[in-house]
Amino acid sequence: MKHPLINYLREELLPTIFCPGCGIGIVMKALFQAFKELNIDTLDNFVFVSGIGCSAWMPSPYIKADSIHTIHGRAIPVAIGVKLVRPNLNVIVVGGDGDIAGIGGNHLLHAARRNMDLLTIMINNQVYGMTGGQVAPTTPFGIKTPTTPYGNIDYPLDTCSVVAAAGANYVARWTVSHFMQLKNTFKKALRKRGFRYIEVISQCTSRMTNRMNISPGEYMKQILKKSINIKKLALETYDEYLNNIIVGEYTDRDRESYLELISKVVENA
Ligand SMILES: Cc1ncc(C[n+]2csc(CCOP(=O)(O)OP(=O)(O)O)c2C)c(N)n1
Ligand SMILES: [Mg+2]
């Protein structure tokens, strides 16, 4: 019997290139499950846009939908172009932390500020996975990587706080150890307008857990243990962000989106 989620996948390309124990497959499954539960049977009305990196490979080539595999850091501006030209399509950006928060960080900020009609999923494995596990803007303080052999002295960026403050309609963070919450967050975000941003903390097996000498499963247990729901914090502070993984919804609002505003401009003109 065929797997109930196989329709969303380019089956002929299996197995994927992802390392055993990589978290990208969990994110992909949670998204597929969300599609299924929303009765979205085919992805004909969807376009995925990704940049460069392992995470960017999730939609392109593996998801059975149209996709654009663009250059490093530029997935969001390319996705904006698609959405403006074909407003009836659902446009989803998928990328890694280096791609979305590093080289593409400026685009992230302004897409959120404009409340651009995009769903952006950032898979945060806390390193530049594809190129060897170098330090990223999201790497925790003190972590040793090939480019921080004495430990990272940069503090990591809390992208969820930044994107929420910039004006996005929906922002949430979960980890690959929170499958149900992640799936429900995807379902919610898929039904909303404006800029929706979901960060998923994940593991890089070949560049991180192998070096730490622990299994991906053990790492998943660790990130679950370190997770605190934002609702349980009186006031989120940056120190708490540095010492834990803060999960849950950072914002959920319903401001008019960019597309709605621009169509009014077109009418007035
Ligand atoms: C303009 C440009 N700079 C650098 C690179 C090299 N490069 C390829 S992937 C990557 C990092 C990807 O990291 P991330 O987005 O976190 O994805 P991951 O592989 O960790 O999923 C870099 C720096 C590139 N391809 N293009
Ligand atoms: Mg990464």
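Keep in mind it's a predicted model, so treat the numbers as computed, not measured. Along the sequence shown, residues are numbered consecutively beginning with 1. Ligands are counted one by one from 1 in listed order, and the atoms in each one are counted from 1 as well.
- Within a 6.0 Å sphere centred on CZ of Arg253, other residues, nucleotides and ligands contribute more than 12 heavy atoms.
- Near ligand 1, heavy-atom contacts under 4.0 Å come from Ile52, Gly53, Cys54, Ser55, His72, Gly96, Asp97, Gly98, Asp99, Ile103, Asn125, Val127, Tyr128, Gly129, Met130, Thr131.
- Between Lys188 and Glu249, at least one side-chain nitrogen of the basic residue sits less than 4.0 Å from a carboxylate oxygen of the acidic one, meeting the salt-bridge criterion.
- Although no hydrogens or angles enter the test, the distance criterion places a donor-acceptor pair under 3.5 Å between the side chain of Arg196 and the main chain of Ala189.
- Salt bridge annotation for Arg193-Asp254: present, with a cationic side-chain nitrogen under 4.0 angstrom from a carboxylate oxygen.
- Ring planes of Phe46 and Phe35: perpendicular class, angle over 60° (limits at 30 and 60°).
- For the pair Asp41 and Lys36, the salt-bridge criterion is not met [side-chain N within less than 4.0 Å of a carboxylate O].
- Protein contacts to the Mg ion (ligand 2) involving N, O or S atoms at a distance below 2.8 Å are Asp97 OD1, Asn125 OD1, Val127 O.
- Remark: Thr131 OG1 to His72 NE2 distance equals 7.0 Å, nearest 0.5 Å.
- Other residues, nucleotides and ligands contribute at most 12 non-hydrogen atoms within 6.0 Å of the NZ atom of Lys29.
- Atom NE2 of His3 is separated from atom CG of Leu9 by 9.5 Å, given to the nearest 0.5 angstrom.
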